[in-house]
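What follows is a set of notes on a single structure, which appears directly below.
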Amino acid sequence: QVQLVESGGGLVQAGGSLRLSCAASGRTFGSYAMGWFRQAPGKEREFVATISWSGVHTSYADSVKGRFTISRDNAKNTVYLKMNSLQPEDTAVYYCAAGSGRGIRWNIKGYDSWGQGTQVTVSS
């Protein structure tokens, strides 16, 4: 497993942007697929985006496609989530996750390690 620490959350107005970062410990970061999930109050944790070990393959939830971009820098052991055109419905705690193996995955059960989460609040 790897240890994950998210940062970059905050309060932003609708239409604004944020970039989340997730720093991972360990030398094997490049062998993990990574993902971002979010959980709003009273709702289940949901998939947002995933990226393969190489960064070549990505996939997004329909609700964020075209607005969010996931990327990674294996030299820095960091994965990012750039969020543009934020809307109030994007308000949630955002979690970074790592999954053993290199392919992208959408299911929460495909991830072994989780960060503590970072709050994103979008005001209307």
Side-chain angles (χ1 to χ4, degrees):
Q1 290 189 346
V2 295
Q3 283 70 52
L4 304 172
V5 179
E6 301 98 333
S7 61
L11 174 64
V12 64
Q13 290 187 335
S17 299
L18 283 174
R19 189 179 79 158
L20 305 182
S21 298
C22 173
S25 64
R27 299 179 180 179
T28 59
F29 176 73
S31 65
Y32 286 85
M34 300 296 295
W36 286 96
F37 288 74
R38 66 186 182 186
Q39 188 167 18
K43 294 187 177 181
E44 293 186 351
R45 194 170 298 189
E46 65 174 5
F47 166 76
V48 174
T50 179
I51 188 167
S52 62
W53 68 278
S54 64
V56 170
H57 302 288
T58 60
S59 183
Y60 299 89
D62 287 343
S63 59
V64 307
K65 199 172 295 182
R67 300 187 298 124
F68 291 11
T69 302
I70 188 171
S71 61
R72 66 189 296 164
D73 185 337
N74 287 348
K76 296 182 177 179
N77 281 14
T78 303
V79 63
Y80 305 97
L81 186 68
K82 181 65 187 300
M83 305 184 295
N84 296 326
S85 303
L86 283 162
Q87 299 302 317
E89 53 264 35
D90 295 317
T91 295
V93 177
Y94 283 71
Y95 297 90
C96 172
S100 300
R102 299 182 170 185
I104 58 175
R105 70 278 317 267
W106 301 265
N107 194 313
I108 195 169
K109 296 180 179 179
Y111 293 88
D112 310 303
S113 303
W114 293 84
Q116 83 288 349
T118 185
Q119 177 70 47
V120 171
T121 303
V122 184
S123 63
S124 57

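In terms of modelled atom types and a separation under 3.5 Å, the side chain of Arg72 and the main chain of Ile70 share no donor-acceptor contact. Using modelled atom types, no side-chain atom of Tyr95 and backbone atom of Arg45 make a donor-acceptor pair closer than 3.5 Å. Remark: side-chain polar atoms of Glu6 are not paired, donor with acceptor, to backbone N or O of Thr118 under 3.5 angstrom. At distances below 3.5 Å, at least one donor-acceptor pair connects side-chain atoms of Asn74 with backbone N or O atoms of Trp53. A donor-acceptor contact shorter than 3.5 Å links the side chain of Thr50 to the backbone of Met34.
A donor-acceptor pair shorter than 3.5 Å can be found between the side chains of Ser100 and Asp112. Side-chain contact of Gln3 with Ser25: a donor-acceptor pair under 3.5 Å is present, judged by distance alone. Donor-acceptor pairing under 3.5 Å is lacking for the side chains of Tyr32 and Ser52.
By the criterion of side-chain heavy atoms lying less than 4.5 angstrom apart, applied directly or through intervening Ile, Leu, Val, Met, Phe, Trp or Tyr residues, Val64 is grouped together with Val122 in one hydrophobic cluster. Linking Ile, Leu, Val, Met, Phe, Trp and Tyr residues whenever their side-chain heavy atoms come within less than 4.5 Å places Trp106 and Tyr111 in a single cluster. The cluster map of Ile, Leu, Val, Met, Phe, Trp and Tyr, joined by side-chain heavy atoms under 4.5 Å apart, puts Val79 and Leu18 in the same cluster. With hydrophobic clusters built from ILVMFWY side chains whose heavy atoms lie under 4.5 angstrom apart, Phe37 does not share a cluster with Val2.
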From CA spacing to verdict: side chain to side chain contact (heavy atoms under 4.5 Å, CB included), Phe68, Val48: CA-CA 9 Å; Phe68 291 11; Val48 174; 3.8 Å; yes

Could you go through Ile108 and Trp114, starting from their C-alpha distance and side-chain angles, then the distance that decides it, and tell me whether this counts as side chain to side chain contact (heavy atoms under 4.5 Å, CB included)? CA-CA 10 Å; Ile108 195 169; Trp114 293 84; 3.3 Å; yes

Does Lys82 form a side chain to side chain contact (heavy atoms under 4.5 Å, CB included) with Ser17? I'd like the steps, not just the answer. CA-CA 7 Å; Lys82 181 65 187 300; Ser17 299; 4.1 Å; yes

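Lys109 and Asn107 get closest at one heavy-atom pair: N-OD1, 2.8 Å. Asp62 and Lys65 make their closest contact through OD1-NZ, 3.1 Å (heavy atoms, listed as atom of the first residue, atom of the second, distance). Minimum interatomic distance between Gln87 and Ala14 (heavy atoms only, all atoms of both residues): OE1-CB, 4.4 Å. Counting all heavy atoms, side chain and backbone alike, Ala33 lies closest to Arg105 at CB-NE, 3.4 Å.
The line from CG of Leu4 to CZ of Phe29 is 8.0 Å long, rounded to the nearest 0.5 Å. In this structure, SG in Cys22 is found 10.5 Å from OH in Tyr80, a value given to the nearest 0.5 Å. Annotation: the span from Ser85 atom OG to Arg67 atom CZ amounts to 7.0 Å, rounded to 0.5 Å.
Considering Leu20, Leu81, Thr91, Val93 in turn, Leu20 is the only one that fulfils the side chain to side chain contact (heavy atoms under 4.5 Å, CB included) rule with Val120.
Here Arg38 pairs with Glu46, Asp90 under the salt bridge (Lys or Arg N to Asp or Glu O under 4.0 Å) rule; sequence neighbours left out.
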